[in-house]
Amino acid sequence: MDAMALNNDNALLERLEARDRDALSSAVEEVRFESGAVLYEPGTNIDYCYFPTGSAICSYFVEMDEGVAVETILIGREGALGGVVSHGNLPAFARSNVLHGGVFQRIALRDLDRLKRDNPALAHLMNRYSDCVMAQVFQSIACNAVHTIEQRAAKWLVAAVARMGRPSVTMTQEQLASMMGVGRSYASRVLQRFKRDGLLRTRRGGIEVLDRDGLAKRACACNDHVDAHFERVLGGLY
């Protein structure tokens with residue numbers, strides 16, 4: 001693989017000092033995925049670690065016996081997917097879908113393992129980030145158990161547009177309902193209330209947020225708790 005300049009449009013990689021980012025440059029490649037692409041299927045080997053950049057967003061989905069795929073966590077330019085702290089080839093547990101297409105930095109796990117051994121700061125970053133991922137999972141479990149569909153929908157939309165840096169999300173009402181593990185009619189009623197209050201508008205295959213601050217007021221505080229944990233844990237990298 002030819003050496004290339006590391007795309008710094010990933011907040012996780014931006015936390016590395018220049019010498020540690022340079023160490024990654026010879027091992028990463030830039031790839032592009034469209035919306036709907038699948039990075040991992042349950043049971044398949046995880047061969048690459050992906051760092052979303054720009055407006056690219058992915059989600060982990062757990063497929064239930066009832067045929068419903070429920071989203072667990074959302075990952076964008078703040079993080080990474082796959083093999084962050086594991087060593088060697090391991091099977092994926094959840095499906096990972098690209099929700100909004102874009103550019104990713106990709107590194108083979110064998111190269112990432114080698115670089116983590118040679119660069120303690122990189123290994124430290126990945127260990128700390130894995131703690132943040134667990135915080136997201138814990139918060140998601142609690143949120144799904146306690147908060148209303150309206151709070152959860154507002155939380156998800158606010159998180160999505162924050163990661164993308166743009167107000168439009170490519171998603172149907174059916175997809176939003178499936179991700180939240182609720183019926184389409186429930187998701188549709190919530191979106192209609194948001195539309196009535198001027199918070200968003202829907203179009204064929206997409207949702208556009210018109211009032212992000214207003215939508216944030218309708219959301220639970222779960223995003224804020226996770227963001228605060230990210231800053232505490234990753235802020236002390238060096």
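Only a predicted model underlies this, so the values are computations on that prediction, with no experimental measurement involved. Position 1 is the first residue of the sequence; numbering continues from there.
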With the 4.5 Å side-chain cut-off for hydrophobic clustering, are [X] and [Y] part of the same group?
{"X": "Val38", "Y": "Phe61", "answer": "no"}
{"X": "Met180", "Y": "Phe138", "answer": "no"}
{"X": "Val84", "Y": "Val31", "answer": "yes"}
{"X": "Tyr186", "Y": "Val190", "answer": "yes"}
{"X": "Ile75", "Y": "Val137", "answer": "yes"}

Beyond-backbone contact of [X] with [Y], side-chain heavy atoms, under 4.5 angstrom:
{"X": "Glu29", "Y": "Tyr48", "answer": "yes"}
{"X": "Asp20", "Y": "Leu122", "answer": "no"}
{"X": "Phe230", "Y": "Val226", "answer": "yes"}
{"X": "Val169", "Y": "Val161", "answer": "yes"}
{"X": "Asp111", "Y": "Val28", "answer": "no"}
{"X": "Leu191", "Y": "Ile207", "answer": "yes"}
{"X": "Leu24", "Y": "Gln105", "answer": "no"}
{"X": "Asn144", "Y": "Arg152", "answer": "yes"}

For [X] against [Y], the heavy-atom pair lying closest together:
{"X": "Cys222", "Y": "Lys155", "value": "CB-CD, 3.8 Å"}
{"X": "Ala27", "Y": "Leu115", "value": "CB-CD1, 4.0 Å"}
{"X": "Arg184", "Y": "Ala177", "value": "CA-CB, 3.7 Å"}
{"X": "Leu234", "Y": "Cys132", "value": "CG-SG, 4.0 Å"}
{"X": "Cys58", "Y": "Leu81", "value": "CB-CD2, 3.6 Å"}
{"X": "Asp131", "Y": "His229", "value": "OD2-NE2, 2.6 Å"}

How many angstroms lie between [atom1] in [X] and [atom2] in [Y], if you round to the nearest 0.5 Å?
{"X": "Thr72", "Y": "Phe93", "atom1": "OG1", "atom2": "CZ", "answer": "9.5 Å"}
{"X": "Glu150", "Y": "Arg193", "atom1": "CD", "atom2": "CZ", "answer": "5.0 Å"}
{"X": "Lys195", "Y": "Leu210", "atom1": "NZ", "atom2": "CG", "answer": "10.5 Å"}
{"X": "Arg204", "Y": "Thr172", "atom1": "CZ", "atom2": "OG1", "answer": "10.0 Å"}
{"X": "Ile46", "Y": "Leu109", "atom1": "CD1", "atom2": "CG", "answer": "7.0 Å"}
{"X": "Met126", "Y": "Cys49", "atom1": "CE", "atom2": "SG", "answer": "5.0 Å"}

Look at the side chain of [X] and the backbone N and O of [Y], then say whether any donor-acceptor pair between them is shorter than 3.5 Å.
{"X": "Arg163", "Y": "Leu74", "answer": "yes"}
{"X": "Ser96", "Y": "Leu39", "answer": "no"}
{"X": "Thr53", "Y": "Asp9", "answer": "no"}
{"X": "Tyr129", "Y": "Ala80", "answer": "yes"}
{"X": "Arg201", "Y": "Glu208", "answer": "no"}
{"X": "Asn10", "Y": "Leu13", "answer": "yes"}

Fill in the blank from the handout: In short, ring pair (Phe, Tyr, Trp, His ring centres under 6.0 Å) pairs touching residues 11-38 with sequence neighbours left out are Phe33-Tyr50, Phe33-Phe104
Handout entry: Pairs involving residues 44-60, ordered by first then second residue, that meet salt bridge (Lys or Arg N to Asp or Glu O under 4.0 Å) (sequence neighbours left out)
Key = none
Exercise for the section: State whether Glu63 and Arg95 are salt-bridged, where the test is any N-O pair (Lys NZ or Arg NE/NH1/NH2 against Asp/Glu carboxylate O) under 4.0 Å. Expected result: yes
Practice task
Go through Arg218 and Phe194 one step at a time and tell me if the side-chain contact (heavy atoms from CB on, under 4.5 Å) criterion holds.
Solution key: CA-CA 9 Å; Arg218 306 282 279 272; Phe194 290 161; 4.1 Å; yes
Exercise for the section: Please list, chain by chain and in numerical order, all residues satisfying side chain to side chain donor-acceptor pair (under 3.5 Å) with Gln136, sequence neighbours excluded. Expected result: none
